[in-house]
Amino acid sequence: QVQLVESGGGLVQPGGSLRLSCAASGNIASISVMGWYRQGTGKQRELVAAITTGGYTNYVDSVKGRFAVTRDNAWNTVDLQMNNLKPEDTAVYYCAADMDKNGSAWPPHEYEYDYWGQGTQVTVSS
């Protein structure tokens with residue numbers, strides 16, 4: 001079992017920055033990939049960023065150059081640094097853990113993530 005708790009969401013003006021953190025506990029040693037997803041109002045959930053045990057990362061095109069996902073060595077925390085935020089970044093952001101039980105794709109499909117946090121709201125508005 002893995003428990004994930006996101007924090008750091010809030011209201012920020014366009015062009016501002018925000019850092020989201022995902023605190024993981026439980027069987028974190030078995031985590032293969034950690035991902036950040038977001039879901040805006042009226043939109044489907046989409047993968048924002050993912051990071052592997054080896055530090056390999058993937059980003060959706062719309063956030064490349066603006067967002068950065070990082071992790072500590074033990075998966076205790078996975079952060080998403082968000083810079084130059086835009087109104088279209090407004091969404092509920094979720095972190096998720098893929099245990100890679102059956103061999104996941106890269107990046108993993110949404111259904112391949114085994115554990116999810118509760119989400120944190122990010123609102124970008126002036």
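The closest side-chain heavy-atom distance from Asn76 to Ile28 is below 4.5 Å. Taking the side chain as every heavy atom from C-beta outward, Val33 and Ile51 never approach each other to under 4.5 Å. Here the side chains of Val78 and Val69 are in contact, with some heavy-atom distance below 4.5 Å. For the pair Leu18/Asp89, no side-chain contact is recorded, criterion being any heavy-atom separation below 4.5 Å from C-beta on. Under the 4.5 Å side-chain criterion, counting only non-hydrogen atoms from C-beta, Glu88 is not in contact with Ser62. Side-chain contact check for Thr90 versus Gln121: some heavy-atom pair is nearer than 4.5 Å. For the pair Met99 and Val2, the minimum side-chain heavy-atom distance is below 4.5 Å. Inter-residue side-chain proximity for Val12 and Met82 is flagged as unmet; no heavy-atom pair is nearer than 4.5 Å.
Screening residues 8-30 for ring-ring contact (aromatic ring centres under 6.0 Å, His included), with sequence neighbours left out, gives no hits. Here ring-ring contact (aromatic ring centres under 6.0 Å, His included) pairs that include residues 7-42, with residues two or more places apart or in two chains, are Tyr37-Tyr113, Tyr37-Trp116. Residue pairs meeting the ring-ring contact (aromatic ring centres under 6.0 Å, His included) criterion with at least one member in residues 38-86, sequence neighbours excluded: Tyr56-Trp106.
The CG atom of Asp114 sits 10.0 Å away from the OG atom of Ser32 when rounded to the nearest 0.5 Å. With rounding to the nearest 0.5 Å, the separation of OG1 in Thr53 from CG in Asn73 is 11.0 Å. Rounding to the nearest 0.5 angstrom, the gap separating the CD atom in Glu110 from the CD atom in Glu46 is 10.5 Å.
Neither Leu80 nor Tyr94 shares a network with the other; the hydrophobic side chains, linked directly or stepwise wherever heavy atoms of I, L, V, M, F, W or Y lie under 4.5 Å apart, form separate groups for each. Note on Tyr115: it clusters hydrophobically with Tyr93, by side-chain heavy-atom contacts below 4.5 Å among ILVMFWY residues. Residues Val60 and Leu20 fall within the same hydrophobic cluster, defined by Ile, Leu, Val, Met, Phe, Trp and Tyr side chains chained together at heavy-atom separations under 4.5 Å.
Other residues, nucleotides and ligands place more than 12 heavy atoms under 6.0 Å from the CG atom of Asp72. Around atom CD of Gln1, no more than 12 heavy atoms belonging to other residues, nucleotides or ligands sit under 6.0 Å away.
In this structure a side-chain-to-backbone donor-acceptor pair under 3.5 Å is present from Glu6 to Gly119. Counting only distance, with no hydrogens or angles, the side chain of Gln118 and the backbone of Val5 share no donor-acceptor pair below 3.5 Å.
In terms of heavy atoms, Ser125 sits closest to Pro14 at C-CD, 3.6 Å. Taking all atoms of both residues into account, the shortest heavy-atom contact from Leu4 to Ala24 is CD2-CB, 3.6 Å.
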Applying side chain to side chain contact (heavy atoms under 4.5 Å, CB included) to Arg38 and Val63, what does each step give before you reach the verdict? CA-CA 12 Å; Arg38 68 185 180 186; Val63 308; 3.9 Å; yes

Check against side chain to side chain contact (heavy atoms under 4.5 Å, CB included), Met34 and Arg71: CA-CA 9 Å; Met34 289 285 286; Arg71 54 159 290 199; over 6 Å; no

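With respect to Asp61 and Lys64, a salt bridge is recorded, a charged nitrogen being found less than 4.0 Å from a carboxylate O.
For the residue pair Gln81/Asp79, the side-chain donor-acceptor check at 3.5 Å is not satisfied.
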